Amino acid sequence: MPSLPDDQTAARMRAALEYAVDTFSCKLEEADAETWGWGGRSLSAPVTYEGHSRWIRVADSPREKATPASWEGPEAAALHIPPKVPRPRYLGMHRWEEGAYAYYADLHTRLRGRPLSSTALPPEDLDLPDRWWDQLSSALSAISRVPTSRFAVRPDRPTWAMPKFLGPDAPTEPPSWATVHGDIQWSNLAGPELEILDWERWGTAPEGYDVAVLYVSSLAAPTVARQVRDRFGNMLDSPAGRFSQLYAASEFIQGFGRGANLQLERPIRDLVAQLLQSNAATLPS
């Protein structure tokens, strides 16, 4: 599970959550039902709003780094992502600043099911039915066709990140770009009926990025990784898919320096070596 923040951050974020609850005129359902995001950057909880059980999430950003892209993702997704993509319904957002931080709170309907994991990585015994995989494939395809000026991956990032984290032989130009969710990892996927959470980052990225993140995050659970490859092998084995696996790997390798998801380090480095070797073999002599 995401580690709890330090006491000062926890107190600040709990105060922000209380402010958001008051602003939306809702009521916390359970005092001990809080859910922390990575590094204490977000805090979520169930609430009662207009007589119904809902879900509220508060996130923060240093004031000097706060931009519309930091908070407009869920609202933009509600407006532009097709309704057939299964997700909680967006009900509203409130943004404010206090001290050195900007905060934004989103209110949504509750999940029908449960998140498949409490972390970015899947449980090793995860076994999903074909229907769930069909729903995910259909959803990612629908997302990829949404026109947008938003970026999930800034166009210049592969240029510096790939050589920095993968070495000088890493490619830096994606074969193609497409619209993606931008954070398809296992705690943002629910079951037994698919629902996709956390639309903060959605936008344009190297084509195949969502599938690549899902596959790379599954490498420490070989049975799950095989399920991802069985379903999305054509994309993963395409030039765009190979590039996106390398790019996703570079993000995880960057995270290793912060102590994140270290159980993935060996399989990810093995995958990078295989992909770079494969790329070198296809270059003209």
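We use all heavy atoms of the structure for the numbers below, so side chains are in, but hydrogens, waters and symmetry mates are not. Predicted, not measured: the structure shown is a model, and the values here were computed from it.
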Determine the minimum heavy-atom distance between Pro158 and Pro174, stating which atoms define it. CG-CG, 4.5 Å
Checking Glu34 side chain against Arg14 main chain: does a donor-acceptor pair fall under 3.5 Å? no
Distance in Å, Ile81 CD1 paired with Arg145 CZ, rounded so as to fall on 0.5 Å steps: 11.0 Å
Do any N or O atoms from the side chain of Ser278 and from the backbone of Leu275 form a donor-acceptor pair under 3.5 angstrom? no
Stepwise, does the side chain to side chain contact (heavy atoms under 4.5 Å, CB included) test hold for Glu200 with Asp183? CA-CA 8 Å; Glu200 183 178 336; Asp183 199 13; over 6 Å; no
Asp237 side chain to Arg242 backbone, donor-acceptor under 3.5 Å: no
If you compare all heavy atoms of Phe256 against all heavy atoms of Leu262, which two are closest, and at what distance to 0.1 Å? O-CD2, 3.7 Å
Distance (rounded to the nearest 0.5 Å) between Ile253 CD1 and Lys164 NZ: 12.5 Å
Could you check if a side-chain atom of Pro171 sits within less than 4.5 angstrom of a side-chain atom of Leu276, using non-hydrogen atoms only? yes
Taking it one step at a time, do Arg57 and Leu43 satisfy side chain to side chain contact (heavy atoms under 4.5 Å, CB included)? CA-CA 6 Å; Arg57 176 180 181 270; Leu43 178 60; over 6 Å; no
Between the main-chain N or O of Ser141 and the side-chain N or O of Ser144, is there a donor-acceptor pair closer than 3.5 Å? yes
Give a yes or no answer on whether the side chain of Ser138 reaches the backbone of Asp134 with a donor-acceptor pair at less than 3.5 Å. no
When rounded to the nearest 0.5 Å, the distance separating OH of Tyr101 from CZ of Arg12 is 4.0 Å
Heavy-atom pair of closest approach, residues Pro5 and Gly40: CB-CA, 3.9 Å
The test is side chain to side chain contact (heavy atoms under 4.5 Å, CB included); show your working for His80 and Thr148 and say whether it passes. CA-CA 9 Å; His80 301 294; Thr148 183; over 6 Å; no
Cut-off 3.5 Å, side chains only: do Ser61 and Trp71 have a donor facing an acceptor? no
Between the CG atom in Leu189 and the OG atom in Ser117, the distance rounded to the nearest 0.5 Å is 9.5 Å
With a 4.5 Å cut-off on side-chain heavy-atom distances among I, L, V, M, F, W and Y, is there a chain of contacts connecting Trp186 to Val180? yes
Quick one: which residue pairs count as a salt bridge (Lys or Arg N to Asp or Glu O under 4.0 Å) with a foot in residues 99-124, not counting sequence neighbours? Glu29-Arg110, Arg112-Glu195
Any sub-3.5 Å donor-acceptor pair from Trp133's side-chain atoms to Val228's backbone N or O? no
Partner set under salt bridge (charged side-chain N to carboxylate O under 4.0 Å, His left out) for Arg54, not counting sequence neighbours: none
For the student: nearest non-hydrogen atoms of Leu107 and Phe24, plus distance: CD2-CD2, 4.0 Å
Please evaluate residues Phe165 and Tyr247 with respect to the criterion side chain to side chain contact (heavy atoms under 4.5 Å, CB included), reporting the C-alpha separation (whole Å), side-chain torsions for both, the decisive distance (0.1 Å), and the verdict. CA-CA 9 Å; Phe165 297 111; Tyr247 180 75; over 6 Å; no
Using only heavy-atom distances, determine whether the side chains of Tyr104 and Glu75 contain a donor-acceptor pair under 3.5 Å. no
Exercise: identify the closest heavy-atom pair between Ala139 and Ile196: CB-CD1, 4.0 Å
Heavy-atom neighbours of Asp230 CG exceed 12 at 6.0 Å: yes
List in chain and number order the residues that pass salt bridge (charged side-chain N to carboxylate O under 4.0 Å, His left out) with Asp169, two or more places apart in sequence or in another chain; answer none if no residue qualifies. none
Sequence neighbours left out, what passes salt bridge (charged side-chain N to carboxylate O under 4.0 Å, His left out) with Arg226? Give chain and number order. none
So do Ile56 and Tyr49 actually touch side chain to side chain, heavy atoms under 4.5 Å? no
Ile184 side chain near Tyr209 side chain, heavy-atom distance below 4.5 Å: no
Looking at Val146, is its backbone amide N or carbonyl O close enough to the side chain of Thr179 to form a donor-acceptor pair, meaning the two atoms are under 3.5 Å apart? yes
Nearest heavy atoms of Ser187 and Pro115, plus distance in Å: O-CB, 3.9 Å
Any donor-acceptor N/O pair, Asp198 side chain to Asn188 backbone, under 3.5 Å: no
Heavy-atom side-chain proximity of Trp55 to Leu111 below 4.5 angstrom: no
Are the side chains of Val153 and Thr204 in contact, using a 4.5 Å heavy-atom criterion? no
Hits for salt bridge (charged side-chain N to carboxylate O under 4.0 Å, His left out) against Arg269, two or more places apart or cross-chain, chain-then-number order -> Glu265
If you define the side chain from C-beta out and look only at heavy atoms, does anything of Phe232 sit under 4.5 Å from Leu136? yes
Heavy-atom count check: over 12 atoms from other residues, nucleotides or ligands less than 6.0 Å from Gln8 CD? no
Do the side-chain N and O atoms of Thr9 and Asp6 include a donor-acceptor pair separated by under 3.5 angstrom? yes
Tell me whether Val85 is reachable from Trp202 by hopping between hydrophobic residues (I, L, V, M, F, W, Y) whose side-chain heavy atoms are closer than 4.5 Å. yes
Ignoring hydrogens and geometry, is there a side-chain-to-backbone donor-acceptor pair from Arg87 to Ala77 under 3.5 Å? yes
From CG (Leu271) to CG (Leu219), nearest 0.5 Å: 5.5 Å
Is Val272 reachable from Phe252 through a run of I, L, V, M, F, W or Y residues, each pair having side-chain heavy atoms under 4.5 Å apart? yes
Say whether, by atom type as modelled, one donor and one acceptor occur between the side chain of Glu207 and the main chain of Ala240 under 3.5 angstrom. no
With side chains defined as the heavy atoms from C-beta onward, is the minimum distance between Ile143 and Trp199 less than 4.5 Å? yes
My understanding is that only one of Leu116, Asp127, Asp125, Leu126 makes a side chain to side chain contact (heavy atoms under 4.5 Å, CB included) with Val224; could you say which? Leu126
Could you check whether any side-chain heavy atom of Tyr215 comes within less than 4.5 Å of a side-chain heavy atom of Ser218, counting everything from C-beta outward? no
Is there a path of hydrophobic side-chain contacts, each under 4.5 Å between heavy atoms of I/L/V/M/F/W/Y residues, joining Met162 to Phe151? no
Value rounded to 0.5 Å, distance of CD in Glu251 from CD1 in Ile268: 10.5 Å
Taking distance alone, no hydrogens or angles, what donor-acceptor pairs closer than 3.5 Å link side-chain atoms of residues 89-99 to residues at least two apart or in another chain?
residue	atom	partner	partner atom	Å
Tyr90	OH	Met93	N	3.3
Arg95	NH2	Glu97	OE2	3.0
Glu97	OE1	Arg63	NH1	2.7

